[in-house]
Q: 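Structure incoming, see below.
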Amino acid sequence: MRSLFIAAAFGLASATALSLSAPAEATGKVKCQAGPQSGWKNVEALKAQLVREGWKVTKAKVDGGCYEVYGVLPTGEKVEAYFHPVSFEKLYVAQRGKVLFRKQGY
Amino acid sequence: MRTIINSVRFVWVILALPALFQLHGWWTGAIDTMDMLHPTGETSARLMIAAMLIGPLAGVLGPRRWLLWLLARRRALGVAAFGYAVLHLVFYAIDMGSLDAILGELPIASIWTGWLALALMLPMALTSNQRSMLWLRTAWKRVQQLAYPAAVLTLLHWWWVHDGATAAVAHFAPLAFLWLLLALRRLRPIRPSPQAGV
Ligand code: HEM
């Protein structure tokens with residue numbers, strides 16, 4: 001009984017730790033071979049450019065060697081989008097897993 | 001020790017712990033609203049799977065003390081799964097910010113599967129009490145069988161919303177494995193015992 005209790009407590013604790021330590025990871029959807037990060041443009045410039053185009057940007061980070069942006073399109077859809085970190089070219093846009101745009105070859 | 005473990009309150013405290021951590025993280029700003037969907041959704045799905053594992057596990061292993069202990073608390077696991085799903089929906093609503101935005105996403109496959117899963121869990125949660133068991137009698141089991149379509153919808157929701165199957169499939173694999181095991185057992189012809197026909 002005691003060992004069961006410890007096992008259950010341990011299981012729940014590790015499950016909690018796991019779910020806290022791995023927030024909405026989205027890897028492997030798009031990959032950019034863009035060379036070393038020193039050659040990349042600043043992510044803040046990408047955010048500013050998107051805001052100028054009418055996007056709302058919630059969050060931006062690096063994923064799969066690309067810039068991954070969470071935000072809202074000018075048309076109102078909440079999306080997850082990938083951009084090339086050197087050219088800022090749009091590569092992939094998806095709304096809740098539904099692909100709205102994918103550049104050929106990506 | 002044993003009286004603590006066996007008390008009803010202990011189970012509820014354990015089941016509420018992940019929510020406390022999650023809400024605390026959000027409250028202090030460590031977790032963004034959009035990032036609350038992951039832990040709440042995953043905890044809900046894990047509790048749902050855990051509740052659904054107990055029956056088949058008892059079928060495969062036979063009556064064990066710890067399984068009987070869990071079996072007596074299965075209803076609590078199911079209700080907690082529903083609770084986390086509601087929390088998941090609350091943070092979804094906060095993150096979306098408007099009814100229009102929420103309705104706008106409804107036609108997307110990854111989203112309506114989530115809504116439908118929650119809709120199926122609602123009657124289960126509402127009848128997860130002694131009074132409903134007595135009142136519904138044999139129909140009660142049928143209500144609880146909504147867990148099967150709800151689980152399938154949850155799997156699809158998880159798969160599609162993330163457009164990656166790995167985590168979703170990994171979580172449901174133990175359940176699928178046990179079901180397969182039980183099905184195979186049922187299919188296997190029953191060998192006559194040595195005494196038969198003597
Ligand atoms: C009420 C309808 C529901 C809506 C609108 C909804 C919405 C969402 C959204 C938007 C995500 C994506 C989160 C992200 O990108 O990080 C998500 C993920 C998820 N949801 Fe739901 N959901 C619903 C119901 C459910 C139910 C009933 C369950 C479980 C029983 C569930 C389990 C999950 C899981 C496991 C994930 C993946 C978590 C992750 O790895 O990020 N959802 N949900």
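Note that these values count all heavy atoms, side chains included, but never hydrogens, waters or copies made by symmetry. Letters go in sequence order (proteins before strands), and every chain restarts at 1. The structure presented is a predicted model; accordingly, all values stated were derived computationally and were not measured.
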Q: Can you tell me which of Gly41(B), Ala30(B), Ser110(B) forms the most heavy-atom pairs within a distance under 4.5 Å of chain A?
A: Ser110(B)

Q: Linking I/L/V/M/F/W/Y whenever their side-chain heavy atoms sit closer than 4.5 Å, directly or via other members, would Val8(B) and Val13(B) fall into one cluster?
A: no

Q: Treating Ile, Leu, Val, Met, Phe, Trp and Tyr as nodes and any side-chain heavy-atom pair under 4.5 angstrom as an edge, say whether Leu73(A) and Tyr82(A) lie in one connected cluster.
A: no

Q: When rounded to the nearest 0.5 angstrom, what is the spacing between CD1 in Ile111(B) and CD in Gln95(A)?
A: 8.5 Å

Q: With a cut-off of 3.5 Å and sequence neighbours excluded, list every side-chain donor-acceptor pair involving residues 114-125 of chain B.
A:
none

Q: Just checking heavy atoms, which of residues 85-100 of chain B are less than 4.5 Å from chain A?
A: Tyr92(B), Asp95(B), Met96(B)

Q: Out of curiosity, Lys78(A) NZ to Met34(B) CE, how far, rounded to the nearest 0.5 Å?
A: 7.5 Å

Q: Quick check: is Tyr92(A) connected to Phe83(A) through a chain of hydrophobic side chains (ILVMFWY, heavy atoms under 4.5 Å apart)?
A: no

Q: Ile102(B) and Val72(A): same hydrophobic cluster, using ILVMFWY side-chain contacts below 4.5 Å?
A: no

Q: Between atom CZ of Arg96(A) and atom CD1 of Ile108(B), what is the distance when rounded to the nearest 0.5 Å?
A: 7.5 Å

Q: May I ask you to list the residues in residues 137-149 of chain B that approach chain A closer than 4.5 angstrom, counting heavy atoms only, ordered by number?
A: none

Q: What do you reckon, is CH2 of Trp135(B) surrounded by more than 12 foreign heavy atoms closer than 6.0 Å?
A: no

Q: Taking only heavy atoms into account, what residues of residues 38-60 of chain A are found under 4.5 Å from chain B?
A: Thr58(A), Lys59(A)

Q: Is the CZ atom of Phe101(A) crowded by more than 12 outside heavy atoms at less than 6.0 Å?
A: yes

Q: Is there a path of hydrophobic side-chain contacts, each under 4.5 Å between heavy atoms of I, L, V, M, F, W or Y residues, that connects Val79(A) with Tyr106(A)?
A: no

